[in-house]
Amino acid sequence: MQSEARSAIVARSLTKRFGPRPAFEDVSFEVGAGEVFGFLGPNGAGKTTTVRVLSTLIAPTAGTAEVAGVPVSKRTGAELRRRISVMTENPGLYLRLSVHENLEYFAGLYGLGPVGARRRIAEALEAVDMADRARDLGGSLSKGLRQRVGLARALLNEPRVLFLDEPTSGLDPVSTMEVRELIAGLRARGVTVFLTTHRLEEAERLCDRVAILNTSLRSIGRPDELRRQLFASSIEVRVAQPLADPDHVFSRVEGVRSWNLNDGRYLLQVSDPTIVAPALARALVQAGADILRLAEVQHSLEDVYLELIGDEPLGGEE
């Protein structure tokens, strides 16, 4: 956990119910300032509802939270919303207005005066590489470009915390890559990004830490930490011909704990792959084996997710 003094978001036993059905319950976590934090889970896990609670759109049933240094409550909602922005999956632009006119309108809602609005619009468009499209109508833009304008709109008030809800949903690979680059740029500028996504490879690539939710919080940490916690270190070995006596070969290598043969490959549970691999290669060569492959087994964030969620039933409301 991050220390609360340096945290952009702190949630303590946060719960939201709709009648008897929980959207999420007893959720506690912290997000460090300037961190890209991934919030993962299946449809109905409570991800979007969590964002709505943290951004004061709806009140929690129980628990407490603090965002950008402001307690989450009805009384402090106006102050908190001045310090954050939320970008939803559908940015909801006015299609008959130009990009610049859209941003002017929302700058007015943020209370920016004419001079401040011009400056912030120019900076936001530059940040998302849309300065040359300022006069284009919203309705003429592709979905990827609309997402960029939505992100520019979310930057107008210079938020300390930016909530992104499925920002790459429905985008083609090029637009997805561009949005990812924009998120990486926000991290470099010190903006805290709270990212909900179904795309596990996206979370693994972008996020400093992730939380996995299915009504309750199942795990939280850096992707590499979660992999180490859930999966034992292992090495995959493929040889041209099956070993005559694999027990004899593997028992001679210190650090090999167990092995099994699966679909023509030997999978070895080991103490430390970096130490075991060289000794294992020598033992195989001495046994006359022709090595086709010897490598540490790499587990993805998807493996972690499936291990924690698997075939569990969905939670409550999204």
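Numbers here are sequence positions counted from 1.
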Do [X] and [Y] have side-chain heavy atoms sitting under 4.5 Å apart?
X      : Y      : value
Leu284 : Phe250 : yes
Thr50  : Val27  : no
Thr49  : Phe24  : yes
Phe39  : Thr197 : no
Cys207 : Arg222 : no
Leu195 : Phe163 : no
Asp290 : Gln241 : no

Side-chain ion pair, [X] and [Y], N-O less than 4.0 Å:
X      : Y      : result
Arg265 : Asp263 : no
Glu123 : Arg120 : yes
Lys143 : Asp172 : no
Arg199 : Glu204 : no
Arg135 : Glu101 : no
Arg82  : Glu79  : yes

Rounded distance [0.5 Å steps], [atom1] in [X] versus [atom2] in [Y]:
X      : Y      : atom1 : atom2 : value
Leu155 : Leu162 : CG    : CG    : 6.5 Å
Thr88  : Arg52  : OG1   : CZ    : 11.5 Å
Ser140 : Arg146 : OG    : CZ    : 8.0 Å
Asp129 : Glu178 : CG    : CD    : 8.0 Å
Ser233 : Glu296 : OG    : CD    : 6.0 Å

Under a 4.5 Å side-chain heavy-atom rule over Ile, Leu, Val, Met, Phe, Trp and Tyr, are Tyr110 and Leu186 clustered together?
yes
Would you kindly confirm whether Leu97 and Val99 end up in one hydrophobic cluster when ILVMFWY residues are joined by side chain heavy atoms under 4.5 Å apart?
yes
Does the side-chain hydrogen bond (donor to acceptor under 3.5 Å, both in side chains) test come out yes or no for Arg227 and Gln298, once each step is laid out?
CA-CA 9 Å; Arg227 286 192 290 267; Gln298 299 292 332; 5.7 Å; no
Here's one to test your reading of the geometry: is the NZ or CZ of Arg153 within 45 degrees of the ring axis of Phe106 and under 6.0 Å from its centre?
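Yes.
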Return the minimal non-hydrogen interatomic distance between [X] and [Y], and the atom names on each side.
X      : Y      : answer
Leu200 : Glu302 : CD1-CA, 3.5 Å
Gly34  : Arg187 : O-CG, 3.8 Å
Ala124 : Ala152 : CB-O, 3.4 Å

Are more than 12 heavy atoms from other residues, nucleotides or ligands located less than 6.0 Å from atom CD of Glu126?
no
So, Asp165 and Thr196: side-chain donor and acceptor under 3.5 Å apart, yes or no?
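Indeed, the side chains of Asp165 and Thr196 share at least one donor-acceptor pair under 3.5 Å.
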